[in-house]
Amino acid sequence: MLSLVAHAGLVRGLVEFGTPGQRERFLPRLLDGAVGATAITEPSGGSDVAGLRTSAVRTPGGYLLSGAKTHITNAPVADVALVLGRIPELGRRDITIFVVDLAGPGVARGPAESLFGNRTSPTGELRFDGLELPGDAVLGTEGHGLQMLYDVISFDRLLYGLIAAAYLEPLLREALEFACSRQAFKVRIADHQYVQGKLTDIRLAIETSRWVSRAALDAVVAGDPQASLRCSVAKLVGSEGLAAATRDVMTILGHRGYVEGPVTRSIQDALGTLIAGGTTEMQRKNIFNQMLGELAEEEVH
Ligand SMILES: Cc1cc2nc3c(=O)[nH]c(=O)nc-3n(C[C@H](O)[C@H](O)[C@H](O)COP(=O)(O)OP(=O)(O)OC[C@H]3O[C@@H](n4cnc5c(N)ncnc54)[C@H](O)[C@@H]3O)c2cc1C
């Protein structure tokens with residue numbers, strides 16, 4: 001599921017901010033099997049995005065890009081990536097997104113990391129050592145990378161809620177069927193209120209993730225100023241709901257749920273969503289900052 005989010009983020013970035021040339025060059029490939037990635041996190045950290053070190057120098061023909069990105073979904077197999085870097089010669093506002101064709105020389109990839117979950121989503125390192133980029137490799141405008149990035153990652157964030165809802169549907173079905181067939185104390189375990197509480201909590205996680213995410217998607221499409229806040233709410237509700245609900249499924253299934261298999265893997269996958277796409281703390285930080293922004297806006301008018 002994380003591979004899909006990473007790919008979708010790149011496609012959205014190109015659709016929203018790409019030049020006609022970039023769209024023509026990359027979109028047909030990306031819609032026809034080529035794999036995309038969004039490379040933000042660096043060995044020094046992922047939450048403090050503006051602290052990134054990857055940088056490019058201008059050359060007569062374009063740019064030379066150097067730096068390292070780590071924990072990048074799809075990195076071991078990706079064909080194209082959005083890479084966040086800076087162009088120091090621009091001065092204070094220098095953060096820029098580059099659209100990078102990963103086939104060329106100057107790109108090194110680490111092996112797929114051995115993750116605790118999401119093991120079908122290859123994740124790893126990308127290193128650029130003086131990678132030559134053409135003059136049209138910048139997405140949007142030089143130095144405007146952060147604003148565009150927030151738009152791209154907002155879209156990624158709402159996808160977490162939609163994916164969480166879809167991921168939980170079959171697990172809920174399994175838990176419900178089990179609860180209706182398993183007996184304890186001479187009745188179905190589904191007749192025990194504590195079990196009913198868990199099953200309804202899972203349903204609540206599905207419904208809240210789905211509808212909050214859809215509202216966030218509407219806000220993104222409409223260019224609503226609250227889009228960023230709602231996308232962070234969707235990410236937080238989706239990933240936290242997924243983590244809690246997968247644990248509930250395991251406990252409803254009792255010892256069967258704890259045998260290594262799809263249910264334990266679902267917990268491992270769910271925990272990764274608390275970190276990928278920005279941690280829960282960073283979603284809260286964004287929600288709070290957006291609320292402060294709204295207040296300041298109201299006070300001006
Ligand atoms: C499965 C998976 C897939 C990933 N895929 C990608 C990808 O495709 N592209 C990509 O760029 N990155 C990807 N990442 C990396 C991910 O975005 C980062 O791990 C994440 O942003 C956190 O960065 P960090 O791990 O460096 O932790 P740090 O930023 O070092 O943070 C460590 C802890 O401190 C907390 N913290 C930091 N700052 C604050 C603050 N101001 N207030 C409160 N708490 C704070 C964090 O919430 C966290 O709990 C992926 C990660 C995982 C696990």
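Note that the numbering runs from 1 along the sequence shown for the chain. Ligands are counted one by one from 1 in listed order, and the atoms in each one are counted from 1 as well. This structure is a prediction, so every number in the text was calculated from the model and none was measured.
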Donor + acceptor pair across side chains of [X], [Y] (<3.5 Å):
{"X": "Tyr150", "Y": "Asn286", "result": "no"}
{"X": "Ser3", "Y": "Asn74", "result": "yes"}
{"X": "Thr41", "Y": "Lys69", "result": "no"}
{"X": "Thr280", "Y": "Glu240", "result": "yes"}

Salt bridge check, [Y] against [X]: does any charged N sit closer than 4.0 Å to a carboxylate O?
{"X": "Arg203", "Y": "Glu207", "answer": "yes"}
{"X": "Arg210", "Y": "Glu169", "answer": "yes"}
{"X": "Asp151", "Y": "Arg12", "answer": "yes"}
{"X": "Arg29", "Y": "Asp32", "answer": "no"}
{"X": "Arg53", "Y": "Glu42", "answer": "no"}

Applying side chain to side chain contact (heavy atoms under 4.5 Å, CB included) between Leu2 and each of Leu159, Asp156, Ile163, Asn118, report the one that passes. Asn118
In the protein, which heavy atom is nearest to [atom], and how far is it?
{"atom": "atom 44 (N) of ligand 1", "result": "Glu281 CB, 3.5 Å"}
{"atom": "atom 40 (C) of ligand 1", "result": "Met282 SD, 3.9 Å"}
{"atom": "atom 13 (C) of ligand 1", "result": "His71 O, 3.0 Å"}
{"atom": "atom 46 (C) of ligand 1", "result": "Thr279 OG1, 3.7 Å"}
{"atom": "atom 19 (O) of ligand 1", "result": "Ile275 CG2, 3.4 Å"}
{"atom": "atom 2 (C) of ligand 1", "result": "Ala276 CB, 3.5 Å"}
{"atom": "atom 32 (C) of ligand 1", "result": "Ser47 OG, 5.0 Å"}
{"atom": "atom 1 (C) of ligand 1", "result": "Leu2 CD1, 3.4 Å"}

Shortest reach to atom 23 (O) of ligand 1 by a heavy atom, considering only Gly272, Gly277, Ser44, Gly46: Gly46
Should Asn118 be counted as touching ligand 1, given the test is an N or O pair under 3.5 Å? no
Do any nitrogen or oxygen atoms of Ile40 come within less than 3.5 Å of a nitrogen or oxygen of ligand 1? yes
Residue portion contacting ligand 1 (non-hydrogen atoms closer than 4.0 Å) for [X]:
{"X": "Lys285", "value": "side chain"}
{"X": "Thr38", "value": "backbone"}
{"X": "Thr73", "value": "both"}

Kindly indicate whether a cation-pi arrangement holds for Arg58 with Tyr63, taking the cut-offs as under 6.0 Å to the six-membered ring centre and within 45° of the axis. no
So, for [atom], does the protein have a heavy atom nearer than 4.0 Å?
{"atom": "atom 30 (O) of ligand 1", "answer": "no"}
{"atom": "atom 25 (O) of ligand 1", "answer": "no"}
{"atom": "atom 35 (C) of ligand 1", "answer": "no"}
{"atom": "atom 16 (C) of ligand 1", "answer": "yes"}

Under a 4.0 angstrom heavy-atom cut-off, which atoms of ligand 1 come close to Gly45? 26 (O)
Flag the pair Ile40 / Leu52 as yes when at least one side-chain heavy-atom distance between them is below 4.5 Å, and no otherwise. no
